[in-house]
There are 2 protein chains.
Amino acid sequence: MGRTADYSKQSCSIAATLEVIGDPWTLLVIRDAFQGVSRFEQWQDRLGVARNVLAARLKTLVQHGVLEPRLYSERPPRNEYVLTAKGKDLSAVLVTLHAWGAKHVYGDTDSGIDLVHKTCGHSLDPRIACGHCSEIVKGRDIVMTRAANRPTVGDVMPRDAAVGED
Amino acid sequence: MGRTADYSKQSCSIAATLEVIGDPWTLLVIRDAFQGVSRFEQWQDRLGVARNVLAARLKTLVQHGVLEPRLYSERPPRNEYVLTAKGKDLSAVLVTLHAWGAKHVYGDTDSGIDLVHKTCGHSLDPRIACGHCSEIVKGRDIVMTRAANRPTVGDVMPRDAAVGED
DNA sequence: CAAGTGGGTTGCCAAAAGGAACGGTCCGGA
DNA sequence: TCCGGACCGTTCCTTTTGGCAACCCACTTG
């Protein structure tokens, strides 16, 4: 079956996030929302996604509080969907996805969408910084630890692991 | 069915990235790889994913150069899979996904996995910084522009749009 | 030599995506 | 007033996938 995919039992923030935005098309719906798209037909035109699928995605995004429906016409009832604060917080995810694709899929070829950092005028080359010490974080300085004494299914990893090496 | 999903025609780095890592389970496979998992049986135990699906995911991740197979036994041929540099570059994506889930799904409850910034000792509160000016980037300082004169399918958005408002 | 382990492949079934058609309500023009 | 079209879905049917279990092959250990 497709995607009954029980990520959910993993008690992991990454899995939990994927539970919300991991369905096919969902992140592209959100990407377009950041570009100002807010109506059914706009998404449908841009993505070419099946209408029933789009309807389902919008519904679950609303349920999860990522999008908020706003009635802009009663009779016929029509609503548009705008990003909530929770949804806008996904910008960091989109930024890192974009950066990876720009670097590793498109080399230096044009990639259709460009992110620009307004305050410095350059196209954005995003890095992860630490909210506490404000330093740029290198991959090897991050430690992924299995929190506390939480018995998780396949606890095969005894030691902590560094994330990346760059 | 599902996921014939032609993201591909979108000429967008985000869509391109999702083409590689957007399948169900794929990001969890990569998450575990960062935690040191490198063998079929380990992933299978931890994720509970169907074996055929796991085999398919590993294959495409290798094809895309995210994982590299390494033969650790000839006869019987057995290989393990390790992250390439390209794969390790996905750490930023995992970090932002994790942060979003920790903040918006788990509130302050324990989330199973914790990311710690070794150099300052705190648990990581990731921010996006600009590689050029080294400043922390606020969402509203990012402009998503449709690059150059690339005619993309549903070009309904005349103006540029700010990303987020935080 | 029998049982176990590691790493898959094969086949069947159910769930999700694709796709096209339809329905309802308004609007603008002929 | 009648006709077509825009919008926003919903329904129905088809096509792919993922879930699941069984199976297989090549060692290895008891």
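Letters go in sequence order (proteins before strands), and every chain restarts at 1. Only heavy atoms go into these numbers, but all of them, side chains included; no hydrogens, no water, no symmetry mates.
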Handout entry: side-chain contact (heavy atoms from CB on, under 4.5 Å) against Ala16(A), all qualifying residues, sequence neighbours excluded
Key = Val105(B), Tyr106(B)
Please tabulate, for side-chain N and O atoms in residues 73-81 of chain A, each donor-acceptor pair with protein atoms closer than 3.5 Å (sequence neighbours left out).
from, atom 1, to, atom 2, distance (Å)
Ser73(A), OG, Pro76(A), O, 2.7
Asn79(A), OD1, Tyr81(A), OH, 3.4
Glu80(A), OE1, Ser38(A), OG, 3.3

Completion exercise
Residue pairs passing the salt bridge (charged side-chain N to carboxylate O under 4.0 Å, His left out) test with at least one member in residues 58-70 of chain B, sequence neighbours excluded, are none
Exercise for the section: Check every atom of dG9(D), dG7(C), dG19(D) against the side chain of Arg51(A) and return the nucleotide holding the closest atom. Expected result: dG9(D)
Practice task
Indicate, with a heavy-atom threshold strictly under 4.0 Å, whether Asn79(B) touches base, sugar-phosphate, or nothing.
Solution key: sugar-phosphate
Completion exercise
From CD of Gln44(A) across to P of dC8(D) the rounded distance in Å is 11 Å
Exercise for the section: Report yes if at least one side-chain N or O of Tyr81(A) is closer than 4.0 Å to OP1 or OP2 of dG9(D); otherwise report no. Expected result: yes
Exercise for the section: Can you tell me the distance, in whole Å, between the CH2 atom of Trp43(B) and the C1' atom of dG6(C)? Expected result: 14 Å
Problem - side chain to side chain donor-acceptor pair (under 3.5 Å) against Asn52(B), all qualifying residues, sequence neighbours excluded - result: none
Handout entry: Shared hydrophobic cluster for Leu58(B) and Val82(B) (ILVMFWY, side-chain gaps under 4.5 Å)
Key = no
Practice task
Nearest whole angstrom, please: distance from the P of dC8(D) to the CG of Leu54(A).
Solution key: 10 Å
Handout entry: Contact under 4.0 Å: Trp25(B) side-chain N or O vs dG19(D) OP1/OP2
Key = yes
Practice task
Assign each of Asn52(B) and Glu41(B) to its nearest nucleotide of DNA chain C by heavy atoms, then name whichever residue's nucleotide is nearer the 5' end.
Solution key: Glu41(B)
Handout entry: Residues in side chain to side chain donor-acceptor pair (under 3.5 Å) contact with Thr96(B), at least two apart in sequence or another chain
Key = Thr96(A)
Handout entry: Distance, rounded to the nearest Å, where Leu47(A) contributes CG and dG18(C) contributes C1'
Key = 14 Å
Completion exercise
Contact check, residues 55-77 of chain B vs DNA chain C, heavy-atom distance under 4.0 Å, returns Ala55(B), Tyr72(B)
